[in-house]
Amino acid sequence: MNINYKVRRQWIFIAIFIIISLQLFMRAISDIKNSEMLGDRIYNAALNQGIALYHPYSLYIGGNWEKRNLGEKIMYQFYKDMPLEMCIIKEDDNEVYLTEYLQQSGLDMSATAAGDSPLANDAPIISDAETENLNRDNAYQELEQAVLAENTAATGTFVPVQAPAAQYSRQQLRDTGFVRETFYSVDATTQVKEEQLQYDTLMGFDASLKQDNSNVQILVYHTHSQETYIDSTEGDSSTSIVGVGEHLCDILRTKYGFNVLHHTGEYDVESRDYAYSNAMVGLDKVLAENPSIEVMIDLHRDQTNADTRLVTTIQNKTMAKFMFFNGLCYTRELGALNNLPNPYVQDNLSLSFQLQLAAEEFYPGLTRRIYLKGYRYNLHYRPKSMLIELGSQTNTVEEAMNSCDPLAHIIAMVLNGENKQ
């Protein structure tokens with residue numbers, strides 16, 4: 001009896017040990033599967049949607065995971081050698097943003113949105129020789145980025161980015177539906193035609209300057225000169241959109257060699273209602289005196305909800321996001337606005353698209369989508385006319401000033417034709 005009892009006890013202990021071991025083994029298998037789940041999803045999305053690896057630290061993947069049934073497109077960005085468990089996923093409730101992932105490093109972990117639009121590309125089969133060249137190029141780029149970061153940290157000055165962080169595929173850019181969803185926000189009062197967003201038309205426009213800087217090339221002005229930022233000093237125009245405009249002009253002159261005129265006429269002091277009409281008198285005079293002007297920049301500051309913060313971080317500086325704005329001279333209610341003609345609507349659209357594309361490639365997350373509205377907004381004076389909303393009333397003056405560096409670089413790239421090289 002005693003012997004049987006001891007045998008039974010031993011078998012009970014053995015059974016308990018086996019059960020516990022099996023549970024631990026199953027849990028380990030489950031943990032491994034769960035840790036690889038995101039990797040599997042990345043791999044499958046890469047096969048289905050294509051990948052773009054244009055930066056030694058970033059991998060952009062297009063997919064529609066989680067929300068496949070809702071038909072919403074989602075894009076993901078991963079940093080090189082990032083542990084999967086360190087991924088932080090962020091999405092905006094209103095617009096689809098490029099999801100940002102951060103890894104444990106010296107990077108800021110404040111989780112600022114990476115950008116307003118997704119980036120992706122087709123994934124070609126790469127030969128061993130091409131892989132070797134890519135690795136070598138990546139090594140050079142890593143060194144270049146390290147030097148850039150060191151110089152920036154040492155001097156505190158902005159250094160223009162020399163290579164695109166990511167690029168779109170030609171297949172994507174020739175899809176007008178993709179172009180519209182990715183690059184544009186269309187006001188409910190107007191509509192844009194599909195032929196206006198054809199890639200070849202948008203990129204076919206020659207935005208390069210046709211003359212040297214012996215005469216005025218660029219005019220910067222402000223239809224709404226009274227626009228200020230959250231910490232602007234009342235009565236001090238140097239802390240308003242006018243001061244930001246002068247800073248932009250200074251960078252365009254000193255760093256990029258353009259001949260720039262800053263017109264500081266005030267057309268909205270008493271009321272904003274007729275600011276565009278009032279500004280035409282001053283603009284006519286300036287253009288008559290300076291017929292060499294090829295580019296006109298109407299620099300504004302946007303008005304947003306009080307809890308909206310339009311910021312991103314570039315080279316350790318907080319910068320106000322900006323937005324290119326186009327008037328289509330067309331409303332759903334009235335149709336074509338023949339009383340407000342603009343023969344350069346398509347040229348204006350092409351210019352803003354080229355600027356936006358350059359911004360997305362070199363400084364992802366810096367811009368908002370191009371906003372399209374129905375009226376003219378004095379963009380009819382020149383083919384190369386642009387209206388820019390730099391930040392909003394919730395941004396600081398410093399944030400707006402900081403944005404002038406990459407904005408000037410983007411403008412310079414397009415006006416010098418470097419965006420098509």
Side-chain angles (χ1 to χ4, degrees), residues 52-62 73-80 82 87-103 105 107-121 145 148-149 152 158-168 172 178-179 181-185 302 304 308-325 352-371 388-392 394-396 398-411 413 419:
L53 183 56
Y54 288 92
H55 188 283
Y57 302 106
S58 299
L59 172 68
Y60 296 90
I61 297 178
K73 295 181 179 178
I74 304 175
M75 295 291 173
Y76 296 86
Q77 177 187 17
F78 298 87
Y79 285 97
K80 179 181 179 183
M82 178 179 62
C87 293
I88 302 173
I89 301 177
K90 299 190 296 78
E91 295 176 35
D92 187 87
D93 293 335
N94 300 316
E95 295 186 11
V96 179
Y97 287 93
L98 177 66
T99 307
E100 180 178 3
Y101 295 79
L102 301 175
Q103 59 180 335
S105 67
L107 294 175
D108 179 14
M109 300 297 289
S110 60
T112 301
D116 285 346
S117 60
L119 299 178
N121 203 343
Q145 294 295 331
L148 172 64
T152 302
F158 174 82
V159 180
V161 175
Q162 298 303 309
Q167 291 177 326
Y168 294 89
Q172 288 175 312
F178 176 86
V179 168
E181 292 177 9
T182 304
F183 293 95
Y184 294 96
S185 292
D302 203 3
T304 61
T308 298
R309 285 276 291 148
L310 301 174
V311 293
T312 189
T313 302
I314 297 176
Q315 297 183 14
N316 297 322
K317 288 186 177 183
T318 303
M319 299 188 179
K321 293 188 177 187
F322 53 84
M323 176 177 72
F324 299 108
F325 184 106
S352 63
F353 176 81
Q354 292 183 29
L355 292 164
Q356 180 79 5
L357 184 59
E360 290 281 10
E361 290 181 340
F362 284 80
Y363 304 99
L366 179 59
T367 57
R368 301 155 67 195
R369 296 180 183 180
I370 301 169
Y371 199 85
I388 305 172
E389 299 278 2
L390 179 48
S392 75
T394 61
N395 286 109
T396 65
E398 182 180 11
E399 289 166 351
M401 294 286 190
N402 288 342
S403 297
C404 290
D405 281 303
L407 174 57
H409 181 218
I410 293 162
I411 292 172
M413 280 193 291
N419 62 315

Next on the checklist: Under the criterion side-chain contact (heavy atoms from CB on, under 4.5 Å), I'd like the reasoning laid out for Phe322 against Ile410: C-alpha separation, chi angles, the key distance, then a yes or no.
Outcome noted: CA-CA 12 Å; Phe322 53 84; Ile410 293 162; 4.0 Å; yes

Side-chain contact test, heavy atoms from C-beta onward, threshold under 4.5 Å: evaluate it for [X] versus [Y] and give yes or no.
X	Y	value
Phe353	Phe324	no
Val161	Pro406	no
Arg368	Asp302	yes
Thr394	Leu310	no

Checklist entry - What is the ring orientation for Phe158 with Tyr363, classed by angle as parallel under 30°, tilted 30 to 60°, or perpendicular over 60°? => result tilted

Next on the checklist: Measuring from atom CD1 of Ile370 to atom CD of Glu389, what distance do you get when rounded to the nearest 0.5 angstrom?
Outcome noted: 13.5 Å

Item to check | Reported SG-to-CD distance for the pair Cys404 and Glu399, which is rounded to 0.5 angstrom | outcome: 12.5 Å

How close do [X] and [Y] get, heavy atom to heavy atom, and via which atoms?
X	Y	result
Tyr168	Glu361	N-OE2, 4.3 Å
Val159	Gln315	O-NE2, 2.6 Å
Gly365	Lys321	O-CE, 3.0 Å
Leu355	Ile411	CD2-CA, 3.9 Å
Ala400	Leu390	O-CD2, 3.8 Å
Met319	Ile314	CE-O, 3.8 Å

Next on the checklist: Set out, in order, the CA-CA distance, both residues' side-chain angles and the distance that settles side-chain contact (heavy atoms from CB on, under 4.5 Å) for Met413 and Phe362, then state yes or no.
Outcome noted: CA-CA 11 Å; Met413 280 193 291; Phe362 284 80; 3.8 Å; yes

Next on the checklist: Under the criterion side-chain contact (heavy atoms from CB on, under 4.5 Å), I'd like the reasoning laid out for Tyr184 against Gln356: C-alpha separation, chi angles, the key distance, then a yes or no.
Outcome noted: CA-CA 10 Å; Tyr184 294 96; Gln356 180 79 5; over 6 Å; no

